[in-house]
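Labels below follow one simple rule: chain letters A, B, ... track the order of the sequence lines, proteins then strands, and each chain is numbered from 1.
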Amino acid sequence: MTTRTRFAPSPTGFFHIGSARTALFNWLFARHTGGTFVLRIEDTDKERNTDEALRVILDGMRWLGLQWDEGPEAGGARGPYFQSQRGDLYRAQLKVLADKGRAYERDGAWWFRLEGERHLEFDDFAKREVEKVRAAPAVIDDLVRGRVERAEDRDFVLFRANGEPVFHFVNVVDDIAMGITHVIRGEDHLSNTSKHVELFRAFGAPLPTYAHIPLILKTDGPGKMSKRDRGALVEEYRARGYLPEAVRNYLCLLGWTPKDGRTVLPIGDIIAQFELRDIHQANARFDERKMASVNQDTLRALPPAEFARLATARLAAAGIAPPADRLAPVLAAAQPKLSALEHLPEFVGYFFSDDYARSPEALEGLSRKGGDPAARVREALPSLEAAAWDAPGIDAALAAAAAAHGQKPSAYMAPIRYGVSGQAGGPHFHDVLALLGKDRCLARLRAFAA
RNA sequence: GCCCCCUUCGUCUAGCCCGGUCAGGACACCUCGCUUUCACUGAGGUAACUGGGGUUCGAAUCCCCAAGGGGGCGCCA
């Protein structure tokens, strides 16, 4: 039997990192098993569904490289893939349940009828007397959680009085109609799964295999990641210049661990190793620093041509667009030292303009550990002016200045770097000086020392 | 209030199923090295089995209880 998984987002205008991870695990499992990955849009709540909201999801999925086999803009034999277009099916399936005596109308809405002894009881949560049912517990054989039993104890709504079907109903009807074999979703759905099992059984349909994956929690503070948390939205990483394969790689690490012990690895290797049984049971806390570290490693490992392509676009967006022949050597020097594309403009901007920003924090740090940076530059200037402008020549100049003023040669490097770039860090010292050229370096150093 | 899930370094985790290792790795942090900066790199270091009972010669690992964390309980998805 070929596997069929699905990701069924509701277009809210955001692509939450937790949703992306759910989509990712469904995609990974489909790819691992050679199955089909379906994208279904749960847009039953008409109020807040817009084209832009849909785009956020589709663009985000494609950006992460999670191409779906069936769904919007991909087609497929089990469509349409928008729930807003499947109303006839839902009404027909409601009638099926009604004919079996498992659905009934009350207060203008249609309800699912549980099987079991009924009685009235005061409900502490609803704060009123309600009709409870002693139904047999639904049994879920979850690939991640193991055997879970939970009993529903109240009839629940299938169709609202306004004629719209509710999530639990459309979700199950579609999963049956679309032949979904594995339901991989967040643990927040585990308690609701008993409703879904009741529906599958009422329809006489076989249960899919369930895998409820752990949630992603806030970095600090209580609860799961929410839209308002920093780093919670896929589109945020895209805007900041994160590499999609790095974001995807990090997401794999929340709730799953590669068997080979690597943390940064190609997606093909992840697909080959990915098993639902290996998904963790405990919730994972989001760590932006580790994500940044994965992004950094991925960035450094990029083929230089690919790095150059992305870097050029990033710089252009910041208004820095030098000719390719001037840019290429700078980018070659920058790639091994850069932590994120996001920082590229200030990392290399001073190569292309004399109007660059000086970092006050960098100056403060320099002064704190090395004395007066301008004084060091004044000491080094005469020998630099006489130096041959290559690494040995500059080293000799620094050594001469050091000998004359009772300093270590290294004491001059940070002040000189700051003098020519306004930064505390950057490409290798010698690369910076060579790429800027002697004249520009000396001019900047004189200005700084004055 | 009721129900469900979970519990190893600050964080992500390996180990747990099939009891016996100085409880391993990664990120972060700290220290030192690279006559010489750096968002680089190398070498070290700090740091964890939630608690209590039980079974056992022996428990992170098996069982029970408690506590803590998370989720669900809607005519939202």
Side-chain angles (χ1 to χ4, degrees), chain A residues 8-12 19 42-45 47-48 83 106-111 122-127 137 140 142 144-146 148-154 156-168 170-171 186-195 212 214-215 217 219-220 222-224 250 253-259 261-264 280-294 296-297 300 334 336-340 343 347 366 370 391 394-395 398-399 402 408-418 421 423-432:
Chain A
S10 179
T12 56
S19 302
E42 306 221 336
D43 55 351
T44 51
D45 185 9
E47 315 282 298
R48 52 181 181 175
Q83 290 188 329
R106 191 217 302 168
D107 301 333
W110 282 86
W111 298 69
F122 184 82
D123 185 281
D124 254 333
F125 189 73
K127 304 288 182 217
I140 305 150
D142 192 284
V144 174
R145 308 281 148 188
V148 177
E149 279 190 30
R150 186 170 186 281
E152 283 299 317
D153 65 355
R154 289 180 63 188
F156 53 91
V157 170
L158 266 14
F159 265 72
R160 304 182 191 107
N162 69 4
E164 295 295 328
V166 305
F167 162 75
H168 302 298
V170 296
N171 195 263
E187 200 232 42
D188 49 345
H189 286 292
L190 185 56
S191 293
N192 287 147
T193 304
S194 44
K195 286 190 181 70
H212 284 91
L215 268 23
L217 270 26
T219 302
D220 38 45
K224 57 178 175 173
Y250 175 68
L253 267 26
L254 290 176
W256 180 80
T257 308
K259 286 220 182 302
R262 286 182 292 173
T263 52
V264 179
H280 308 154
Q281 300 188 315
N283 293 164
R285 214 168 270 282
F286 182 79
D287 183 357
E288 193 177 12
R289 288 175 306 184
K290 186 145 189 173
M291 166 94 118
S293 159
V294 171
Q296 174 177 302
D297 287 353
R300 299 236 172 93
K337 299 275 191 169
L338 186 64
S339 63
H343 301 134
F347 201 75
L366 264 182
I394 289 164
D395 281 346
L398 296 188
K408 290 171 68 179
S410 59
Y412 293 104
M413 300 179 78
I416 290 170
R417 174 195 286 283
Y418 183 79
S421 73
Q423 303 291 318
H428 192 280
F429 181 67
H430 287 306
D431 288 340
V432 172

Visitor: Is the shortest heavy-atom distance from the side chain of A:Leu398 to the side chain of A:Ile416 under 4.5 Å?
Guide: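 They are in contact (side-chain heavy atoms under 4.5 Å apart), so the answer is yes.
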Visitor: Determine the interatomic distance between P on B:rC4 and the same-named atom on B:rC40; round to the nearest Å.
Guide: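 Here B:rC4 and B:rC40 have their P atoms 49 Å from each other.
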Visitor: Can you give me the closest heavy-atom contact between A:Val157 and A:Arg160, atom names plus distance?
Guide: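 It is CG1-N, 4.0 Å.
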Visitor: If you find the nucleotide of RNA chain B closest to A:Lys259 and the one closest to A:Asp395, which residue's nucleotide is nearer the 5' end?
Guide: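 Between the two, 5'-proximity favours A:Lys259.
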Visitor: Using only side-chain N and O atoms of A:Thr263, determine if any of them is under 4.0 Å from OP1 or OP2 of B:rA26.
Guide: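 So the side-chain polar atoms of A:Thr263 never come under 4.0 Å of the phosphate oxygens OP1 or OP2 of B:rA26.
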Visitor: When the P atoms of B:rA66 and B:rC3 are compared, how many Å lie between them, rounded to an integer?
Guide: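 Those two atoms are separated by 12 Å.
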Visitor: When the distance from CG of A:Asn171 to P of B:rC76 is rounded to whole Å, what number comes out?
Guide: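 Whole-Å distance recorded here is 16 Å.
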Visitor: Can you tell me the distance, in whole Å, between the CZ atom of A:Arg289 and the P atom of B:rU11?
Guide: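 That distance rounds to 11 Å.
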Visitor: Taking atom P of B:rC12 as reference, at what distance in whole Å does atom CG of A:Asp297 sit?
Guide: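 Checked: the CG to P distance equals 19 Å.
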Visitor: Would you say a side-chain N or O of A:Lys408 is under 4.0 Å from OP1 or OP2 of B:rU36?
Guide: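 Checking A:Lys408 against B:rU36: at least one side-chain N or O falls below 4.0 Å of OP1 or OP2.
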Visitor: With a 4.5 Å cut-off on side-chain heavy atoms, are A:Leu190 and A:Arg150 touching?
Guide: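 Of all side-chain heavy-atom pairs linking A:Leu190 with A:Arg150, none is under 4.5 Å.
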Visitor: If only side-chain N and O atoms of A:His212 are considered, is one of them under 4.0 Å from the OP1 or OP2 phosphate oxygen of B:rC5?
Guide: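 So the side-chain polar atoms of A:His212 never come under 4.0 Å of the phosphate oxygens OP1 or OP2 of B:rC5.
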Visitor: What's the gap between B:rC34 and B:rG44 when it is taken at their C1' atoms, as a whole Å value?
Guide: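 Result for the C1' pair: 15 Å, nearest Å.
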Visitor: Any strand is fair game: report the nucleotide pairing with B:rC2 by Watson-Crick or G-U wobble, both distances under 3.5 Å, or none.
Guide: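 WC or wobble partner is B:rG72.
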Visitor: Would you check if the side chain of A:Ser10 reaches a backbone N or O of A:Glu42 as a donor-acceptor pair within less than 3.5 Å?
Guide: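 Indeed, once roles are kept as given, a pair shorter than 3.5 Å links the two residues.
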Visitor: Using atom OH of A:Tyr412 as one end and atom P of B:rU36 as the other, report the distance to the nearest whole Å.
Guide: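 For the pair A:Tyr412 OH and B:rU36 P, the rounded distance is 12 Å.
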Visitor: Measuring only between side-chain heavy atoms, which start at C-beta, is A:Asp188 closer than 4.5 Å to A:Lys224?
Guide: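 The answer is yes, as the side chains (C-beta and beyond) meet within the 4.5 Å cut-off.
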Visitor: Do A:Ser191 and A:Glu152 make a side-chain contact, defined as non-hydrogen atoms from C-beta onward lying under 4.5 Å apart?
Guide: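 Heavy-atom side-chain distance check fails, nothing below 4.5 Å.
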Visitor: Looking for any heavy atom pair under 4.0 Å, which part of the strands does A:Gly426 touch: base, sugar-phosphate only, or nothing?
Guide: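 Base contact.
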Visitor: Partner of B:rU37 by Watson-Crick or G-U wobble geometry, both contacts under 3.5 Å, or none?
Guide: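 WC or wobble partner does not exist here.
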Visitor: For the side chain of A:His428 and the backbone of A:His430, is there at least one donor-acceptor N/O pair under 3.5 Å apart?
Guide: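 Yes.
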Visitor: If you only use heavy atoms from C-beta on, which nucleotide in B:rU13, B:rC27, B:rU41 is closest to the side chain of A:Arg300?
Guide: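 Looking only at heavy atoms from C-beta outward on A:Arg300, the closest nucleotide is B:rU41.
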Visitor: Write down the distance separating the P atoms in B:rA48 and B:rC9, rounded off to the nearest Å.
Guide: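 Approximately 9 Å lies between the P atom of B:rA48 and that of B:rC9.
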Visitor: Would you state whether a donor and an acceptor, one from the side chain of A:Lys290 and one from the base of B:rA26, lie under 3.5 Å apart?
Guide: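 When only heavy-atom distances are counted, A:Lys290 does reach the base of B:rA26 through a donor-acceptor pair under 3.5 Å.
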Visitor: With a 4.0 Å cut-off on heavy atoms, is A:Gly255 in touch with a base, just the backbone sugar-phosphate, or nothing at all?
Guide: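 Sugar-phosphate contact only - A:Gly255 comes under 4.0 Å of backbone atoms but never of a base.
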Visitor: Distance between the P atoms of B:rU46 and B:rU55, in whole angstroms?
Guide: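 36 Å, rounded to whole Å.
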Visitor: Could you give the distance separating B:rC30 and B:rG69 at their C1' atoms, to the nearest angstrom?
Guide: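 B:rG69 and B:rC30 have their C1' atoms separated by 30 Å.
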Visitor: Report the base-pairing partner of B:rU7 (Watson-Crick or G-U wobble, both distances below 3.5 angstrom), or none.
Guide: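 Partner of B:rU7: B:rA67.
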Visitor: Closest nucleotide of RNA chain B for A:Met413 versus for A:Gln281: which of these residues is on the 5' side?
Guide: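 Its nearest nucleotide being more 5', the pick is A:Gln281.
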Visitor: Can a donor-acceptor pair be found, under 3.5 Å and without considering hydrogens, that links the side chain of A:Arg417 to the backbone of A:Pro427?
Guide: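 Judged by distance alone, yes, a pair lies under 3.5 Å.
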Visitor: Under 4.0 Å, heavy atoms only, any strand: does A:Phe347 hit a base, just the sugar-phosphate, or nothing?
Guide: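 Result for A:Phe347 = base.
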Visitor: Figure out the CZ/P separation between A:Phe167 and B:rC76, and round it to whole Å.
Guide: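 One finds 13 Å between P of B:rC76 and CZ of A:Phe167, rounded.
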Visitor: Strictly by modelled atom types, are A:Asn283 and A:Glu187 linked by a side-chain donor-acceptor pair under 3.5 Å?
Guide: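 Side chains of A:Asn283 and A:Glu187: no pair found under 3.5 Å.
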Visitor: Heavy atoms only, 4.0 Å cut-off, all strands: where does A:Ala424 land among base, sugar-phosphate and nothing?
Guide: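 Here A:Ala424 touches the backbone only, sparing every base.
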Visitor: B:rU37 base to A:His428 side chain: any donor-acceptor pair below 3.5 Å?
Guide: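 Such a pair is found, so the answer is yes.
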Visitor: What is the distance, rounded to the nearest whole Å, between atom CE of A:Met291 and atom P of B:rU11?
Guide: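 In whole Å, B:rU11 P lies 19 Å from A:Met291 CE.
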Visitor: Does the A:Arg300 side chain pair with the main chain of A:Leu338, one donor and one acceptor, at a distance under 3.5 Å?
Guide: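 Yes, because the side chain of A:Arg300 sits within donor-acceptor range (under 3.5 Å) of the backbone of A:Leu338.
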Visitor: If a protein heavy atom is under 4.0 Å from the base, mark B; if only from the sugar-phosphate, S; if neither, -; do that for nucleotides 63-75 of chain B going 5' to 3'.
Guide: -------BBSBSB
Visitor: Can you check the distance between B:rU37 and B:rG20, where both ends of the measurement are the P atom (answer in whole Å)?
Guide: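 The answer is 47 Å between these two P atoms.
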Visitor: Please report the distance, rounded to the nearest Å, between NE2 in A:His280 and C1' in B:rC5.
Guide: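 Distance, rounded to whole Å: 16 Å.
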Visitor: So what's B:rA43 paired with, Watson-Crick or G-U wobble, going by both distances under 3.5 Å?
Guide: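 Across all strands, the one nucleotide that pairs with B:rA43 is B:rU31.
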Visitor: What integer distance in Å separates A:Asp431:CG from B:rU37:C1'?
Guide: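 A:Asp431 atom CG is separated from B:rU37 atom C1' by 12 Å.
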Visitor: Could you give the distance separating B:rU13 and B:rU50 at their P atoms, to the nearest angstrom?
Guide: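 Looking at atom P only, B:rU50 and B:rU13 are 15 Å apart.
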